[in-house]
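Single-structure report; data block below.
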Amino acid sequence: AQSVSQHNHHVILSEAASLELGCNYSYGGTVNLFWYVQYPGQHLQLLLKYFSGDPLVKGIKGFEAEFIKSKFSFNLRKPSVQWSDTAEYFCAVNSGGYQKVTFGTGTKLQVIP
Amino acid sequence: EAQVTQNPRYLITVTGKKLTVTCSQNMNHEYMSWYRQDPGLGLRQIYYSMNVEVTDKGDVPEGYKVSRKEKRNFPLILESPSPNQTSLYFCASSLWTGGDEKLFFGSGTQLSVL
């Protein structure tokens, strides 16, 4: 069965600091990978996704993620965070052809002005 | 506007009183799914549906029922709610083309079972 691990549960950064959130999955076959963001009081929305091609994917609001197959990782990065990035971030995986989407436990990011 | 609509937004009920949370999407999506979100546990899938009359269990289906009689609707039914079902619930839908399509989420239903 597929699973997703997000090791950082709560991250606090100052504005302009760089961000990297870890995501590891367990599945040996073809995977589709996603990062979703949930701003306070709102529903989840897609930040970026990877399903094939260039392992470095760029998403909205300056976020990017790199798929490293050998490490089963899909870490989220942003070079300079803003206060408005305060939110909870979820990594998700769907193994190709398998109809379940599995989410990680989430990372709460707090950006201090 | 493309959207997933959940109702109600907030619900307080008592143990054992049957309830239904509705979910509707206007994007002609095949795939619909229910999740519950709990602190420290992230989102866990309850049930999902690949199309009309096709449903399957997710990771935490106990105590829940679903139906998919029409493509646009996917209600979540709690026949006999218990306090451990107090949670934030999200419905989601997707145009399933092999799993690489994003999920569209509803605004959530905060359920409290007393």
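Below, chains carry the letters A, B, ... as their sequence lines are ordered, and counting in each starts from 1.
- Hydrophobic clustering of Ile, Leu, Val, Met, Phe, Trp and Tyr side chains at less than 4.5 Å, counting indirect connections, keeps B:Phe90 apart from B:Phe104.
- Taking OG1 of A:Thr105 as the start and CZ of B:Arg44 as the end, the distance is 11.5 Å to the nearest 0.5 Å.
- Using a 4.5 Å heavy-atom cut-off against chain A, no residue of residues 65-74 of chain B qualifies as contacting.
- Scanning both residues, A:Phe103 and B:Leu43, for their nearest heavy atoms gives CB-O, 3.7 Å.
- Applying the ring pair (Phe, Tyr, Trp, His ring centres under 6.0 Å) test to A:Phe63 and every residue at least two apart in sequence or in another chain returns A:Tyr89.
- At a 4.5 Å heavy-atom cutoff, the contact between A:Leu46 and chain B is made by side-chain atoms alone.
- Taking A:Glu15 as the reference, nothing meets the salt bridge (Lys or Arg N to Asp or Glu O under 4.0 Å) condition, with sequence neighbours excluded.
- Counting non-hydrogen atoms of neighbouring residues, nucleotides and ligands closer than 6.0 angstrom, the CG atom of A:Leu56 exceeds 12 such neighbours.
- A single hydrophobic cluster is seen to contain both A:Leu47 and A:Val11, as judged by linkage of ILVMFWY side chains at heavy-atom distances under 4.5 Å, directly or through other members.
- Put simply, A:Leu76 and A:Tyr39 are part of the same group of oily side chains (I, L, V, M, F, W, Y) that touch within less than 4.5 Å, one to the next.
- A:Glu88 touches chain B through its side chain: at least one heavy atom from C-beta onward sits under 4.5 Å away, while N, CA, C and O do not.
- The cluster map of Ile, Leu, Val, Met, Phe, Trp and Tyr, joined by side-chain heavy atoms under 4.5 Å apart, puts B:Leu76 and B:Met50 in different clusters.
- At a heavy-atom separation below 4.5 angstrom, chain A is approached by B:Phe105, B:Gly106, B:Ser107 within residues 105-114 of chain B.
- In the hydrophobic clustering of this structure, A:Phe90 groups with A:Phe34; members are Ile, Leu, Val, Met, Phe, Trp, Tyr whose side-chain heavy atoms approach within less than 4.5 Å, directly or through other members.
- Proximity to chain A (any heavy atom under 4.5 Å) is restricted, for B:Tyr35, to the side chain, taken from C-beta onward.
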Practice task
Before giving the answer on side-chain contact (heavy atoms from CB on, under 4.5 Å), spell out for B:Leu103 and A:Tyr36 the whole-Å C-alpha distance, their side-chain angles and the decisive distance to 0.1 Å.
Solution key: CA-CA 9 Å; B:Leu103 288 165; A:Tyr36 286 85; 3.4 Å; yes
Exercise for the section: Take B:Gln6 and A:His43 through the side-chain contact (heavy atoms from CB on, under 4.5 Å) test and state the conclusion after the steps. Expected result: CA-CA 11 Å; B:Gln6 281 180 243; A:His43 60 274; over 6 Å; no
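- Nearest heavy atom pair, residue B:Gln45 against residue A:Val101, reads OE1-N, 4.1 Å.
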